[in-house]
Amino acid sequence: MHKMKSIAQLSSLIQSGQLDPLALAEETIAGIEAYSDKAVFTTLTRDRALAEARAASARIRNGRSLGALDGIPIAWKDLFAMEGLPTTAGSKVLANDPPAAADAAVVALLKAAGMVSVGRVNMSEFAFSGLGINPHYGTPANPISTDGHRLPGGSSSGSGVAVAAGLVPVSIGTDTGGSVRIPAAFNGIVGYKATRGRYSMQGVYPLSKSLDSLGPLCRTVKDAVLIDAAMRGATTPTLAARSVRDLALLIPETVMFDGAEPEVVAGFEAALERLQAAGAKIRRSPVPVFGEIFELMARHGALVTAEAYALHQTRLAGAEADGMDPRVVARARLGANISMPDYIATLDARERLIARMADILRPGELIASPTLPHVAPKVAPLIADDDAFFAMNGKTLRNTLIGNFLDWCGVSLPCGHGAHGMPVGFLLSGPANADELLLGHALAAEEIVRG
């Protein structure tokens, strides 16, 4: 009944007394249990959800609502600590770890806002892939596909599918190279990657501390704004929508469109035309900085690979590696080839490139690009062929990882459909800590971009 409603729609029903949070929680759990794809959720937290929903129900009945998020169901990527559960990060090797003594900081903040945690969702093992394939817990199927099993996107695969399939209105993911924005684009929903450090990372299983960031996958930008406020401990958002007439966009002519599917480019350009007709200012320019990022990675290795290797070094050298996804092991072990001088050179170059990008962007200007150069591909050929998998992983992460490297924030918005009827994503990005500007403009632009 409430399957495809946004947080804002559900909140309106709850706050007006038309929808009881306990009934919504029961309906949500029943919907998850009845859903045919068992690879979406790794854990259902039924007892917790029902207890939190009962508390919300009592508060609202007694006129003590905690605000817009009170009683709203939420799912968490499988790397956020939840009290009483081991944090498995999409891996079997952590399944016997001791249970978390407390919720991760952001889990606790959203609980304090009244949200109802219904479970944890699947992901690429240790968040180390943009595709969402997981040999341990299965690969969630993209619910938009009408012609077989297509990629969910990763690493926040279960988050993207859970929202797109209407199982929950929001799921919180992490984004190290695109892991919120990629599944959002592949599944035709909204994904907001906040500036790194905007939220507490306490209790979040890391991949690469220089790049890791968090954000919601949800149905609308308004929903992302509500979640963003609560994840910073604010009781209500203070952010206002901006005017499209004040929107200034830089369209990079470097990297972002290389090898892009014609239907993706057409969908992106059509959205741009609509924005321009509504008064947005569009500037196209080469951005050599983007090319230099990939030259730097070729020369010194990827920052994510170096830091993932440092994190998992003991595991990769021992018996536990046998229980991991061989592709995750192979990719992480490449970090052994990255020397300390290489790593330092990358960090130094990163600072210089961020400073150069700041000179390229005009005051108040945002960057717009296709989120991905292609729509969600079929899963089977990528499972069968290592070379095809690694090539597709690199291509899928290419546009989004630029934002992580340059410390941007970003919102992926749906902008129509491409080949095989699959969704196309429109990525709005801003420099570090321009989140209020970005979200304000995304609120104003969303309906126009969707078309």
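When a residue number appears, it is its place in the shown sequence, counting from 1. Quick note: numbers below take in every heavy atom, side chains included, and nothing from hydrogens, waters or symmetry partners. The structure displayed is predicted, hence computed values, not measured ones.
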Counting only N and O atoms by type, is there a donor-acceptor contact under 3.5 Å from the side chain of Asn187 to the main-chain atoms of Pro152?
yes
Would you say Asp212 and Thr176 are linked by a side-chain donor-acceptor pair, where the criterion is simply a distance under 3.5 Å?
yes
Expected output: side-chain Asp37 to main-chain Ala39 donor-acceptor under 3.5 Å:
yes
So, the side chain of Ser65 versus the backbone of Ile60: is there a donor-acceptor pair under 3.5 Å, distance only?
no
Ion pair check, Glu292 and Arg356, cut-off under 4.0 Å
yes
Look at Glu269 together with Arg274 and state whether they make a salt bridge at an N to O cut-off of under 4.0 Å.
no
In Å, rounded to the nearest 0.5 Å, how long is the span from OG1 of Thr346 to CG of Leu296?
4.5 Å
With distance as the sole criterion, is a donor-acceptor pair present between the side chains of Ser117 and Trp76 under 3.5 Å?
yes
Atom of Ala75, atom of Val168 and distance for their closest heavy-atom approach
CB-CG2, 4.1 Å
Between the CG atom in Asp258 and the NZ atom in Lys395, the distance rounded to the nearest 0.5 Å is 10.0 Å
Is any side-chain heavy atom of His2 closer than 4.5 Å to a side-chain heavy atom of Leu24?
yes
Could you tell me whether the side chain of Asp175 and the main chain of Val180 form a donor-acceptor pair under 3.5 Å?
yes
Say you draw a straight line from OG of Ser179 to CG of Leu214; how long is it, rounded to the nearest 0.5 Å?
11.5 Å
Please determine whether side-chain hydrogen bond (donor to acceptor under 3.5 Å, both in side chains) holds for the pair Asp78 and Tyr205, giving the CA-CA distance in whole Å, both sets of side-chain angles, and the decisive distance to 0.1 Å.
CA-CA 9 Å; Asp78 186 29; Tyr205 197 94; over 6 Å; no
For Lys111, is there an ion pair with Asp103 - N to carboxylate O distance below 4.0 angstrom?
no
For the pair Trp408 and Phe290, name the ring-plane relationship: parallel under 30°, tilted 30 to 60°, perpendicular over 60°.
perpendicular
When you measure from the side chain of Asp435 to the backbone N and O of Thr195, does any donor-acceptor pair fall under 3.5 Å?
yes
Backbone N/O of Arg198 and side chain of Arg232: donor-acceptor pair under 3.5 Å
no
When rounded to the nearest 0.5 Å, the distance separating NZ of Lys5 from CZ of Arg219 is 11.0 Å
For the pair Tyr192 and Tyr199, name the ring-plane relationship: parallel under 30°, tilted 30 to 60°, perpendicular over 60°.
perpendicular
State, with a plain yes or no, whether a side-chain heavy atom of Val170 is found less than 4.5 Å away from one of Leu217.
no
Would you confirm whether the ring centroid of His300 sits within less than 6.0 angstrom of the ring centroid of Tyr343?
no
Between the side chains of Arg283 and Glu365, is the shortest nitrogen-to-carboxylate-oxygen separation below 4.0 Å, so that they form an ion pair?
yes
Step through the shown structure and confirm whether more than 12 heavy atoms of other residues, nucleotides or ligands are within 6.0 Å of NZ on Lys38.
yes
Near-ring test Phe257/Phe268, centroid separation under 6.0 angstrom:
yes
Would Ser129 and Asn393 count as having a side-chain donor-acceptor pair, cut-off 3.5 Å?
yes
What is the distance from atom NZ of Lys222 to atom CD1 of Ile7, rounded to the nearest 0.5 Å?
10.5 Å
